[in-house]
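One structure below.
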Amino acid sequence: MNSEQSLWGRISNSNVFYHFVRDKVAFISASILLLIILAAIFAPLLTSHNPNDLATLDVMDGEIPPVWTEEGDERFLLGTDDQGRDILSAILYGARVSLLIGICAVVLQCLLGVIIGLVAGYAGGRVDSLLMRLADIQLSFSSLMLAIIVLAFFRAFVGGDLYSQFAMVILIFVIGVAEWPQYARTIRACVLAEKEKEYVQAAQVMGFTTVRIMFRHILPNCLSPIFVISTVQIANAIISEAALSFLGLGMPVTQPSLGSLIKSGFDYLQSGQWWITIIPGLFLIVLVLVINLLGDWLRDVLNPKLYKG
Amino acid sequence: MALLEVNNLKIEFPSRHGVAVAVEDVSFEVNPGEILGLVGESGAGKSTIGNAIIDLLSPPGRVAGGDVFLKGEKISSLPASRIRQIRGAEIGFIFQDPMTSLNPLFTVEEQLMETILANLDVTQESAKQKALNMLEQVGIPEPEIRIKQYPHQFSGGMRQRVGIAIALSADPALIIADEPTTALDVSIQDQILQLIRSLCKKRQVGCILVTHDMGVIANITDRVAVMYQGNLVESGTTEQILQRPEHPYTKSLISAVPRADVKLKRFPLVNYIEKASVGFSQIDVSNHWLGQTSASDVSSVAKGEDLLRVEHVNLRFITKNALLAKNRRYIQASDDVSFTVKKGETFGLVGESGSGKSTIARVIAGIYPPESGRIFFADQEISAMSERERRPIRRQIQMVFQNPYSSMNPRMRVQDIIAEPIYFHKLAGSRKEVEMIVGDLLDHVGLGRRAGIKFPHEFSGGQRQRISIARALATRPQLLICDEPTSALDVSVQAQILNLLKDLQDELGLTMLFISHDLPVIRQMCDRVSVMRYGKILEQNETEALFISPQHDYTKNLLALIPHMDHLSREGLMVQQG
Amino acid sequence: KTLKVAYDADPVSLDLHEQLSGGTLQLSHMVGDPLVRWTQELKFEGRLAERWERIDDRTMRFYLRKGVKFHSGNEFTALDVKWTFNRLRTSPDFKAIFAPFESAKVVDRYTIDLVTNKPYPLLLNVATYVFPLDSKFYTGFDENGKSKDALVKHGNSYASRNFSGTGPFIVTQREQGVKVEFKRYDDYWDKKSPGNVSEIILTPIKEDATRVSALLAGDVDFISPVPPTDYDRLEKSDKVDMVTLDGTRIITFQLNQKRVEAFKNPKVRLAIDYAINNAGIAKKLMKGLGTPAAQHSPKGYMGYSEDIKLRYDLKKAKQLMKEAGYEKGLKVTMMAPNNRYVNDAKIAQAVANMLAKINIQVDLKTMPKAQYWPEFDKRAADIMMLGWHADTEDSANFIEFLAMCPNSETGFGQYNSGNYCNPEVDKLVLQSSEETDLAKRQTLLQKAEKILYDEAAFIPLHWQDLAWAAKKNVQLAPVVNVMNFPYVGDLVVK
Amino acid sequence: MIIFLLKRLLQAVVVMFIISLIGFTIKDSLGDPVREMVGESVSEEEREALREKLGLNDPFIVQYGRFLKGAVQGDLGQSYFYKKPVTDVILSKLPATLELVFGATLIIIFFSVPLGVYCAIKPRSWLTKFIMGASIVGISVPVFLTGIFLMFIFGVILDYLPVFGRGELISVWGPWETGLFTLDGLAHLILPSITLSSLMLPLFIRLIRSEMTEVLHSEYIKFAWAKGLDKYRIWFRLALKNTMLPVITVGGVQIGTMVAYTILTETVFQWPGMGFMFLEAINRSDTPLIIGYLVFVGLIFVITNTLVDLIYGFIDPTIKVAGGK
Ligand SMILES: Nc1ncnc2c1ncn2[C@@H]1O[C@H](COP(=O)(O)OP(=O)(O)OP(=O)(O)O)[C@@H](O)[C@H]1O
Ligand SMILES: Nc1ncnc2c1ncn2[C@@H]1O[C@H](COP(=O)(O)OP(=O)(O)OP(=O)(O)O)[C@@H](O)[C@H]1O
Ligand SMILES: [Mg+2]
Ligand SMILES: [Mg+2]
C-alpha cells in the first residue's frame, strides 16, 4: 500500500477495476457503449452523408427500405426515412444529441434530486415539508409544462431567434429539472431509514459536518435505488426529448435526435415502413441495455457484501 | 451416539487477495445433555464454525473439507429443503451480534411467534403463550408490553435476550450459542445460563457455548475446546482445561483472566503468540501520534478537576404513542441522573441490562438530547449548544458503541473508517502520515495493517469491536465513552486493549466513562463506579470501596453473583505484574 | 342500422352558429338541412328551399319546402329562416360571411327574400350556410333564466346543449370529447332519401393510428380523415373501401417581404418556387393524397385556370438566385404547425431541405397549432406555412384573405403574412365580388391568379385531398364531397 | 396523526395556491384560447372583442383575483371547450383515469413482486436473465409504440380486444361511471392497462430485485434462516417487507404520476381520462382547464405522498412521521 501510487496504479488496483476486467457482461457492455459513443463522435467519418446538411436530402429518396430487402438501395444501408435521410447516418448523428441530452439531463436530475432528497430527509421537519411540497409542485408541472414555461421565459428575455442555438442546453435543463422529485423522494425515504442507524450516529459523534454525513455516509447506502431509477431515466430522457420536440421545444426538426427519429416513424409503423422506427428503436434498446447492464454491475460491485471473491 | 459430530472441518474465505483459511481441520463432538464451551482468540473462527454447521456461511465463505453429522445424519451438503427443517427445530442458533440479527420492521412478538409456528405444531394461541413465556424466562421485565415493541426500542442486552428466546423457543436438540451473554449483567447472565443448563440436563439438549468469559466456562460447561488461529488446539473436560492446561495458548489465556479479587496496576499480558502474525506492541505515548495534542484541545482542565458534569438528566422514550398526552406511555430511561467525571479518571457505570447505561452515554455523546437536565464538558454547557457550536467539542468526546457492527458504515473500508476523522479534523499533515497512523492504530488493537482494506462485514465480532476502538482513538479524544468495549474480546486481547487505554490515561490524562457488565474488568479499570437500575443511579463510590463494602442491596446481590474462579489455575503461568 | 363513425374531432357545440368549422358543418348536415347544398360536382341542390330565383341583382327569392317539421314537432316556415339568418349575422364566426347581406325579408309563410347590399355573385354559396333552426324552440328562457337563443362562445348556453332542426338525425346523447349519439328522425321530410342509417355513434379519435386500427379491428364502420401513411394499407385491405376526392384546401408558404429584404425581389420568390418539388411532396409525403398546386383555386373553382402550370427546375432556380444576387445564399427562419394540416411538419421539413439546395439555409421550427397561431399573428418567422379553405367555395375568398394587401380596416389580407401587395390584384378581386356575370367574373379571378403566379406572390404546394374509409358494406362514395361534410342522411348501409 | 394530516392539508392548500399562481403567470404562453373558439376566417376585431368579453385583456392581478375568489368557493372557472365548470370536467374524467391506473397497478403488483423476488433469489438462473433483459426492452420501448403494437396484434390481426374507448359503462354513483362491472368495459381496459404498465413494470421489477438483493444479504435474514423459517415466508414476508420501503416511495411517486399524466396511453387508446383531457386542453389552449388540472394534480401528489409517508411510517417503526413527535 504505497501512498505514492500513480492514478492508474490506484485505478488498476481498485475493486471496481478488478471486477470489471473479470466480468464478461460488464466488459462487453462497456465495449459496446464505448463503440456507440465513438461511432457517434466520429459519425462524420463513418457515414456517407451528413443528414443535418439539408441540401443532401431528397424527398424522392424517401422511405427506401434497407438494402437487404427487395426494394433496397445500395446508397442507404439501413434505408431512409420519409425525408430521404439515410437511417444509419441519422442514427449516428442522432445518437450524439440523444446521448448528450440523456446523460446530462439524468446527471442533472440526479444531482438535484440527491441533494434535495438528502437535505429533506436529513434535516426533517419544516425543511422536509418545504422541499417535499416543492417536489409536489414540480411533479405537477411535468416536463411538458416546464418546457412551455422555460420557453416562454427564454423568448421573453433572450428572444426566440436564438432558440436553436441554445436548444440543447434548454432541453437538458427542462428534462433535468422536471424529474428531480423522483430522485428526491426516493433518497429522502432512504435517508429517513438510514439516519436512524447507528453508523450515522457514530458519524455524528465523530463531529463530522452534516454535509459530510449526508454525502459520505448515508448516500452510498442509498445507491441501489438511484441506479435503478437512473438507468430507466436515461431511456426516458431520450424519449422525452422527442416528445418535447412536438411542442416545438426539442432540437430543431431538421436535426433529428434518436428519439425524434423513432417518433417520426410511428406513423409509418403500421403501413409497412417498419425500418424507420424499428432500426433506431433497436439501437436505442441496445444503448439502454448496455447502460443498464453496466449500471447493474456497478451497483453490485459497489455493494461490498456481494463480492463474489 | 454423539448428538453432533464435526470432523476435519475446513473453512475458507476466498478473495481477490488470496484465500483466507478461517478454520482448519477442526473436529469435536457434542453429546446430548452436554455443554461444550468453545473458547479462543478473537477471530479464531468460532462463529464461523457455528455458521458452517447450519450451512449459513456468509458469502464468499465455503466449507473446503470435512463433514458434520447430526444424530448420525450427515448434514453438511444436504439439500436446502432438508437443512431448513433442521434449522430452528433441531439446531437453535444464537447469533453473536444481537443488534443486527433482529428484523427492524417486525415486533418481537412476530419474530418469536413465527419461529414457534414454523417449527412446532402448535396453535396460534399456545404459540403466543409460549412466546410470552420465553421472554419471561430470559428475564425481560413486563413481557406483555415489551413483546409488542420493535427491536430498536430494546437495549443491547434485551435484544440479546430476545435472540436467545427465539433460538430456544422451538425446543431444539442442539443449541449453538455464540457469545449469548456479552451484553448481560451478571444476574441475568446467571439466569440465562441456568436456563440453558436446565434445558440441557432435563431434556438432554446439547449445547455449544462460545464465550470469552472464563467464569462462564468454569461454571456451566462440561467440556471445553480451545481455538487459536483457526485450529482447535486443545479440548477436554472443563476441569482439565482450566486446571491443567497443556497448550501454551490455553495457559496464557487463563493467566490473563482479570481478577475480581485484587486490583492490579496493569492487566497481565499473554506472551504466547504462536505465529506472531499480529504483533501487539506497547506504545510509547510520548513519541506517538496519539500523544500529540492539537490546537483545539481543551487543555484548561487540570488533572483531577471535573471534566464532565452530568446534572439531573432525564430522558423518556415513548412506548405507546397516542394523540392525547395522557394516553401515551413512556419508559424512563434516564431518571434524574447526576455525576461528574474528573479529568484523567475512569468512571464506571454498571447495572442491570436495560437500566439506561447506554442511554446516558448517548446523551453525553450528543446523540439524544436530554429532556431535562444539563451536561457540562470542561465547564461548557454542551447540552445547550447548537450543533454548530458543539462540533469542535464533539471530537473530544468519543464513544465506542455497544454494537460495533451497526455503528460502522457497511460501505466503507476499515482504513477509511478510521482515517476519516483524522482527515476531517486535520489531525495529520499528509496523506502518507494518515495511512501510517491508521496502520499503527490497527496494529495497536491487534488487527494488523492489512486489515485496513477489508470491509466491516468481513470481520469477527471481536475484531469489529477493536476497529470501533481504533476509530474512537483516532480523534485523540479527551473523554472516551466505552459502552461495553471488550465484551466480545477474549481475555488476552482484552488485556492488551485495556492496557492500551490505561497507558493513554496515564500519559495523557485520557478520561473514560466505562460501561461494562464485567465486574472484574470494572474493578481493574475504574477509579469510581456508579450502579444503575431502572434509569436511576443507586449508588456511587470509589471502586475499591464499592467492591469491598457495597451499600445498596442490589449492588450486593450483583457482586455476589460474580462467577467464581477459585479452581482456576494460576500457577506456573507467565504473569506480568505491572 | 347503426353506424359507428370515428372522426378526428367532435363538434364543439350543438349550437350550429357558435363556430365556423368543419366539425360544425359536418354536424349541421346531420341534424339540419341548409336552404341549398352543394352536389359532388359543386352545383347547387335545393333542400329546404325547393327552388329559388333572382328577383333583381341584389335579391334572391327562395321558395321553401312545405310540410317540413322540426325535431320538436314545430312546423318549418319562412319565419324560421329569417330568425336563423338574423342569428347568423350576430355570430362572430359567421358574421363576416353574411356581411354582404342587407336583410332577409319574409314574403309569405313559405317564401323569403335574401337581399344583399350590393350585387353579390356568391349569394347561393352563402345560402348553403343557412340551416334553418326552430325559432319557437329557441324562444323563451332556460332554467337558468337565460334567453334560449343566446349565442355564447364559452358558456353553457341553452342552444349549445339543445337542438331542434329539420335534419335526418336527432342527437340523443352527447358527451363532449367522448361521443355523440344520433337517432334517425322519424318525421324526416325527405322521404326520397335512400339513407337507411337508423343510429349513429360518433366518436372522436384523435390519434391517426388508433383511428385506422379501430376501423380495421371492426370497432367502427367509417373513419375520416385517413392518414396518408395508411392509405396503401387501407386501399389493399379487403375489409374496407376507401373514397378519395381532390380537396379544396390549399397548402402554401408565405415569404415575408417585411422581414426579409430578398423576398421583395420577385426573382428570389420565383427561385424558391422553382426549387420546390410540389409534385414530389404530393407523391411521396402525401402518398398521392394531395394534388400539386400552382395557384390558389382548385379545379372547379371560378379562378382556376388550366394554363397555370407547376414549376420545378432546380437549375433555373439557382440561375434566378444568381441573377438576384443571392448565389451565396440566404439564412431565413421558417415556422409551421405540426398538428393542423396533413403532414404539415413533414412538408415544412421537405421544403427546408429543398431550399437548402439553392443555398437558402432554413431554421425551421414546428409547433402545435395552439402555439402556432399566435406566432402567425405576430408574423414571427420569415417563411410561414398556411393552409386555406374558402368558406364560400370561391376563388376570391383565397385571395382576399391570403394575397390582398394587408389592411386592418377592411380586414383584407388578414392572413397575408408575406405582406405581398399588388394593387392590381386587389382591384381585380374587389371587382369580382360585385360581378354577377359569371363569365366576366371568371376572367377577373383568373387574371388575378395569373398575376400572383407570375410574381410568385406565395409558394403553393398542393390541395389536400380528402379521404374517407369505411367497411365494405357502407356505400360511401355517393354521399361524400369536397367540402368534407358527408351527407350521412343519404348514406346506404347494406 | 390527525395533526399530521391537518398539516398536510394546509400544505396542500399552499401547494395549490402556488401552482395556480405559476399557472396564471404562464397561461399566456399556452396559446390563444380565442383562436380555438372561432373559425379561422374570423377577423381580428371579433377575436379582440371576444377576448375582451372573456376578461382576457384584464391586468394579471384582476384576472388572478377573480380566479382566487372563485377558487375559494371551489370554483376553478369554466372550461372553454367543455363549457362546464373545470371541477366538473376533471371529476368526470377522473374515474376513467383511476380505473386505468387501477388496472395498471394490479398488473404491476401481480407481476413485479413475484418476478422481482424471483430475480433476487435466483440471480443466476436463465429466467432471471431473460426477465432482466425483457425489462430493459420494456423500459426503452416508448409507450406509444407499445400501444400501437398491442393494438395491431390484439385488435387488428387477432381481433380479440377492442382498441379504443371505455366500452359499456354503468353509473355507480353521481358522476362516477365505471366499466369495471361490465364485460365490455373490462375488455376495453385490458390493452390500455398493459400499455400503461409496460414502462412501470420493468422499473418495479428492477427496483424490487435490487433492493431485495441487498436485504437478502443482511444479518437478520440470515438469522431468519437460522430460525428454520419456511423459505417462502422469508422471501415473501420478511425480506419483502424490508424491500418494500424504497419501492413504496418510488411507487407512490409513479402512481401519482400515472394518475396525473397517463397522457400517452390515454391518447393512443382514446381513453377519456384526465391525461387525454389535459393534452387536448393544451392543444386547445383551454387555459382554465389547464390551470384547474394542474392545481388538481398538485393535490393528487400531496395526497399520494401523504399516503406514502403514512404507509412508510406504518411499516418502518423507527421512522417517526413528522409532526407527531
Ligand atoms: N465474510 C467474511 N469474509 C472474509 N473473512 C471473514 C468473513 N467472516 C469472517 N471472516 C474471517 O474469518 C475469521 C474467523 O471469524 P469468526 O467470526 O469465526 O471469529 P470468532 O472466533 O467468532 O471471533 P470473535 O470471538 O471475535 O467473534 C476472522 O479472521 C474473520 O476475519
Ligand atoms: N429508541 C428507543 N425507543 C424506546 N425505548 C428505548 C429506546 N432505546 C432504549 N430504550 C429503552 O430504554 C431503556 C434503557 O436502554 P439502554 O439501552 O440505555 O439500556 P442499557 O443499560 O444500555 O442496557 P444493556 O446493558 O442491555 O445495553 C430500555 O428499557 C430500552 O428498552
Ligand atoms: Mg464470533
Ligand atoms: Mg446498552
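Here is the naming used below: chain letters follow the sequence lines, and residue numbers restart at 1 for every chain.
Distance check, rounded to the nearest 0.5 Å: CE of B/M408 to NZ of A/K197 gives 14.5 Å. The OH atom of A/Y199 lies 15.5 Å from the CG atom of B/N403; values are rounded to the nearest 0.5 Å.
At least one donor-acceptor pair under 3.5 Å links the side chain of B/N409 to the backbone N or O of A/H217.
No more than 12 heavy atoms of other residues, nucleotides or ligands lie within 6.0 Å of CZ in A/F27, so this atom counts as exposed by the packing criterion.
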Between A/Q201 and B/R362, is a side-chain contact (heavy atoms from CB on, under 4.5 Å) present by the stated rule, with each step listed?
CA-CA 9 Å; A/Q201 298 175 345; B/R362 286 158 163 267; 2.8 Å; yes
Decide yes or no on side-chain contact (heavy atoms from CB on, under 4.5 Å) for A/M206 and B/F424, but give the supporting numbers first.
CA-CA 9 Å; A/M206 291 281 152; B/F424 183 79; over 6 Å; no
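Nearest heavy-atom pair, A/A202 versus B/S407, reported as atom, atom and distance to 0.1 Å: CB-O, 3.5 Å. Closest heavy-atom contact between B/F401 and A/V205: CZ-CG2, 4.2 Å.
Per-residue heavy-atom pair counts under 4.5 Å with chain A were compared for B/E420, B/H425, B/K454, B/M436, and the maximum is reached by B/E420. The choice from B/R411, B/M412, B/R394 that makes the most heavy-atom pairs within less than 4.5 Å of chain A is B/R411. Counting heavy-atom pairs closer than 4.5 Å to chain A, the top-ranked of the candidates B/R471, B/R390, B/R450 is B/R471. The most heavy-atom pairs under 4.5 Å with chain A, out of B/S468, B/P477, B/P421, come from B/P421.
Contact annotation for B/M399: both backbone and side-chain heavy atoms come within less than 4.5 Å of a heavy atom of chain A. Using a 4.5 Å cut-off between heavy atoms, A/R216 touches chain B through backbone and side chain atoms alike. For a residue to count as touching a neighbouring chain, one of its non-hydrogen atoms must lie under 4.5 Å from one of that chain's; by this rule B/I481 does not touch chain A.
Counting only N and O atoms by type, the side chains of B/H152 and A/E198 include no donor and acceptor under 3.5 Å apart.
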